[in-house]
Amino acid sequence: MNRRIRLWLVAAGGAGLAALLVAACLDLPRFGGDRHPYGDRAVRAALTRHTANTVASVNFDQRAFDTLGEMTILFAAVLGCVVLLRQTRDEHRARPAPEPVARPVRRYALLVLPVALLTGLYVIAHGQLSPGGGFQGGVVAATALHLLYLGADYRALERVRPIGLYEAGDAIAASAYLVTGLAGLIGGTAFLANTLLPYGTFNTLSSGGTVPLLNAAIGMEVACAVVVLLARFLDQAVEIEDPTGVETPTDKERGK
């Protein structure tokens, strides 16, 4: 296939896509209205399944399959990062020496760490009730651990961050999401259908059917994924030296 034919194919595909987008835009609801067909249906479905947070209902109930795709993208990104940033044979690991930390920074980091960690867990646990959820809470919980790097040193962070456990946690959380979906098929309904568990009492932690379970799985997956990602990048910046074995001044400054 020559270059001219490829250009014609790209142009034809682009024109078709543009036509579909224009047709979709012309059929959109009017701006400024107080009613929206999809929004009305989403709110009604959320209330029917006793999920107070409509966004959580959309993410983990009405369109839980889409959320599975987003989780898979993050999982694949972590897997690619682990493979690309692994220690090679011609690299060696140098233990970073501790450096002094200003007392205000140390006090603030160690004081905020438990608060930030509890906040992340709270956001995950209450995702079906209030704004937030597994994605947001998982990021908060994961980054909270790295306050040890700012308030103490890298070795203190490594003691609470066994990478193997977090890699296993990432895989287990992703598998838990899939198993919950497969349980629906075994129960005679659709994949990821919210029909397995009782919906509970509205606006309580036990409400929403499978929404809290899927939300917790996403929270664990995101938290473990972020920890593993940051660990690989920090290892490259702080511990792993180049093949020549020469440590640059910048590396020494960052190796707390």
Side-chain angles (χ1 to χ4, degrees), residues 6 10 59-60 64-99 109 113 116-117 120-121 123-124 133-181 214-256:
R6 289 198 298 266
V10 172
N59 289 337
F60 304 109
F65 192 77
D66 294 354
T67 304
L68 173 62
E70 297 170 2
M71 179 190 69
T72 305
I73 292 173
L74 178 59
F75 185 82
V78 174
L79 182 60
C81 180
V82 171
V83 172
L84 292 175
L85 297 182
R86 68 187 186 280
Q87 186 175 356
T88 59
R89 294 180 180 179
D90 58 350
E91 292 177 333
H92 66 278
R93 188 178 297 269
R95 299 293 296 174
E99 289 193 4
L113 191 154
L117 184 59
L121 297 178
V123 171
I124 295 174
F135 286 100
Q136 298 87 339
V139 173
V140 173
T143 53
L145 295 178
H146 292 80
L147 289 172
L148 273 177
Y149 178 55
L150 300 178
D153 56 30
Y154 192 67
R155 290 180 296 182
L157 173 63
E158 285 185 317
R159 284 193 289 268
V160 299
R161 193 204 59 185
I163 299 302
L165 292 179
Y166 285 96
E167 290 176 344
D170 190 7
I172 291 173
S175 301
Y177 198 100
L178 286 172
V179 169
T180 305
L214 297 177
N215 194 43
I218 286 293
M220 180 178 176
E221 199 274 335
V222 170
C224 293
V226 172
V227 169
V228 174
L229 282 174
L230 293 178
R232 295 303 177 182
F233 284 107
L234 283 175
D235 284 349
Q236 290 289 327
V238 176
E239 290 194 46
I240 296 179
E241 295 182 351
D242 60 15
T244 62
V246 178
E247 190 176 30
T248 63
T250 304
D251 294 330
K252 293 181 179 179
E253 293 172 0
R254 290 180 298 188
K256 300 198 318 178

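Numbers here simply count residues along the sequence, with the first being 1. The figures here come from the full heavy-atom set of this structure, side chains too, leaving out hydrogens, waters and symmetry mates.
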Where [X] and [Y] come nearest, the two heavy atoms and their spacing:
{"X": "Leu113", "Y": "Ala144", "value": "CG-O, 3.4 Å"}
{"X": "Gly219", "Y": "Ile124", "value": "CA-CD1, 3.9 Å"}
{"X": "Arg159", "Y": "Pro162", "value": "O-CD, 4.4 Å"}
{"X": "Ala141", "Y": "Leu117", "value": "O-CD1, 3.8 Å"}
{"X": "Gly134", "Y": "Ile218", "value": "C-CG2, 3.9 Å"}

Euclidean distance, [Y] [atom2] relative to [X] [atom1], rounded to 0.5 Å:
{"X": "Tyr154", "Y": "Asp235", "atom1": "OH", "atom2": "CG", "result": "3.5 Å"}
{"X": "Arg161", "Y": "Leu230", "atom1": "CZ", "atom2": "CG", "result": "8.5 Å"}
{"X": "His146", "Y": "Leu148", "atom1": "NE2", "atom2": "CG", "result": "9.5 Å"}
{"X": "Ile172", "Y": "Leu165", "atom1": "CD1", "atom2": "CG", "result": "9.0 Å"}
{"X": "Met220", "Y": "Tyr177", "atom1": "CE", "atom2": "OH", "result": "15.5 Å"}

Which pairs with one or both residues in [range] pass salt bridge (Lys or Arg N to Asp or Glu O under 4.0 Å), sequence neighbours excluded?
{"range": "residues 133-145", "result": "none"}
{"range": "residues 162-172", "result": "Glu167-Arg232"}
{"range": "residues 143-152", "result": "none"}

Side chain to side chain contact (heavy atoms under 4.5 Å, CB included) partners of [X], counting only residues at least two apart:
{"X": "Ala109", "result": "Leu147"}
{"X": "Val140", "result": "none"}
{"X": "Ala176", "result": "Ala217"}

TODO: If the plane angle is over 60° it's perpendicular, under 30° parallel, otherwise tilted; pick one for Phe135 and Phe60.
DONE: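 Correct class here is parallel.
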Could you list the donor-acceptor pairs under 3.5 angstrom formed between side-chain atoms of residues 65-77 and any protein atom two or more places apart in sequence or on another chain?
from, atom 1, to, atom 2, distance (Å)
Asp66, OD2, Arg63, NE, 2.7
Asp66, OD2, Arg63, NH2, 2.7
Thr67, OG1, Asn59, O, 2.4
Thr72, OG1, Leu68, O, 2.7

